[in-house]
Each structure stands twice: as structure tokens, then as C-alpha cells.
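Just so it is clear, the values below take in all heavy atoms, side chains as well, and ignore hydrogens, waters and symmetry mates. This one's a predicted model, so the numbers in the text were calculated from it and none came from an experiment.
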Number of protein chains: 2
Amino acid sequence: MTHETHDQPSIAHTPDPESSSPGQGILSLDKAQRMAEFFGVLGDPNRWRILSALAMGEHRVRDLAAAVEMSESAVSHQLRILRTMRLVSYRKRGRNVFYCLKDDHIFNLYREASEHLDEPPEMD
Amino acid sequence: MTHETHDQPSIAHTPDPESSSPGQGILSLDKAQRMAEFFGVLGDPNRWRILSALAMGEHRVRDLAAAVEMSESAVSHQLRILRTMRLVSYRKRGRNVFYCLKDDHIFNLYREASEHLDEPPEMD
DNA sequence: GCAACACCTGAATACCTGTTCATAAGTTAT
DNA sequence: ATAACTTATGAACAGGTATTCAGGTGTTGC
């Protein structure tokens, strides 16, 4: 085992009591599943375009669709997914529905990913 | 206190010169695509289990496979994807190949997602 | 050399995902 | 009430993805 005696508060730790794994520090199937579901939602370019539009302020579904150049139906489907993951919230006003980003987590995730992607190729 | 009409280097801004969009601040198709590709890699539970194993220190492919209870072939395929996204690096030692996490971005992403997922249901 | 070992790769298959299309539900205006 | 409008939803289809299986490369040890 070549791991230092340092207590890093991260993945290697399993605070979940429900872990059914060997208990080595590997993510439980359940936690891994939830992680994957969450990041999977961010694994679609159109959802990022929708989120980036909402980052500018709240939008109606219709305007959103126009902005990202998608059908309203497709946008509505995607918004449902984003709602499920609590990435967006909405308020109804008459026959319109205004969506907006729910919290700042998405900003941090964007920034972190962006930094990673902007790193030099570091030729192999 | 989040953001107003300030120049925040975030989603709403498009520093990419190649943007073919209306220029409203929506992510360019290219940037959105790269974001999606990156997060898509994190959209698989088994890859998270591999990453969490590597968070404990470097592992051979074989041991990794045993740890996450996958076939060596499947793990090798996944490692290739993780390598492509520069999430892991490796060193060859004889007939063994030791993999480890490349940088700390994955830790921050994990933490951010975990915080988000741990937020209260906030009943609608 | 030859066999065992560790890892990688390509093709095939089963599964999941996102869009479109048609339709329904709810709201506003005439 | 009827028509126009905005959004939501379900089924179906196309495209993408992860695994398995079979085979390949390179290394260690007899």
C-alpha cells in the first residue's frame, strides 16, 4: 500500500452508512450511481446551452427554445430533466413559465471543468 | 451577491472567437460540445468507482478490475476514456501498468456534486 | 524458445438517451 | 364558448454507449 497517512476529505472516504462494498473506500454502487446520474445530466451539449442561457437571467420556455435553436418540445423535455436534478427552478406567470438557475453549483462545475479542459495537452 | 452586470468569467460569457451563435452569451456549439463530452465521461457509475479506487493511490489494471468488480477488459476500455479526458495518468513497470489520478479537479467536481446532491429535497 | 501473465484493442450486441411528432392541459382574449 | 397561445407529456425512432468476447502485443520466467 503506497498511500500516505494523510487524511484527504474526498472520494476515498465513504461517509455513507449504506455502503455494501468491501469497504475499501470505493464508492458504493448507490453513490456512484447518483454521481453518474448527476453528471450524466451535464453530459449533453444542448443542456449546457440551456443552462448558459439561464445564466443570463430567467427565460420563458419559448424564448429559451429560440435562443438555443431547439424545438419547444425538446427544450421542455430537457427542462424536466434539469428540474429533476434541481439545477433549475421555475415560476408560472399566466400561461408562461419562467425558468432560472437554482443555485451556483453549476457555475463552479463549469469553472472547474473549463480549467481542466484548458490545460495544456502535455504531449504523451 | 452572485452576479449582476459585472464581467464574470462564467457561462454567460463567450470568450471563444469561433462562436457562430447570435452572440447573446449562450455557449457556442463547440464549447457546449466539449463540456458535454467531459461531463459525459463522469456520467457512468463504474467510471466513478474506478476513479474512487484511484483516489486511494495507484493501482494496476488487474487489481482495479478486482476492486470494482469488473472485467479487466471493461476496465481497460474505461481507462482509455479516462486517459483521453486526461483524468488519469499511468506508468508502465514491466508487464504491469499503474494508473493514478492526474490532478485534483476530480476531487473538486466530486465535492461540488456531492454538496448539490446532499441538499434538502425542498418540497415543491 | 515456449508458456504464462498483464494489458490493450476491435467488432458485435444489448441498453440507454434525445429528438420528433402528435396530443393534452391550462390560460388569455374575443 | 371558441380560438389562439404556451407549456407539458407519451410513444416511437435514431444515434450513442458500455459491456462481452476473441484475439493481439509485449514482458517475465522456465
Nearest-angstrom distance from the residue atom CG of A:L82 to P of C:dG18: 10 Å
Pairing residues for A:E112 by the side-chain contact (heavy atoms from CB on, under 4.5 Å) criterion, not counting sequence neighbours: A:E115, B:H105, B:N108, B:L109
Donor-acceptor pair between A:S114 and B:K31 side chains, under 3.5 angstrom: yes
B:R83: partners by side-chain hydrogen bond (donor to acceptor under 3.5 Å, both in side chains), with sequence neighbours left out: B:Y99
Validation row: B:E37, A:P45 side chains within 4.5 angstrom (heavy atoms): no
N/O (side chain, A:R62) to phosphate O (OP1/OP2, D:dT6) under 4.0 Å: yes
Rounded distance in Å - CZ (A:R60) to P (C:dT27): 16 Å
Contact state string [nucleotides 8-19 of chain D, B base, S sugar-phosphate only, - no protein heavy atom under 4.0 Å]: BBB-------SB
Between D:dC5 (C1') and A:D63 (CG): distance, integer Å: 13 Å
d(CZ, A:F98; P, C:dT27) in whole Å: 15 Å
For atom CG of A:N96 and atom C1' of C:dA29, their distance in whole Å: 14 Å
Donor-acceptor contact present, side-chain A:R47 to main-chain A:L82, <3.5 Å: no
Any donor-acceptor pair under 3.5 Å from A:S89 side chain to A:K102 backbone: no
Distance in angstrom units between A:R95 CZ and C:dT27 P, rounded: 11 Å
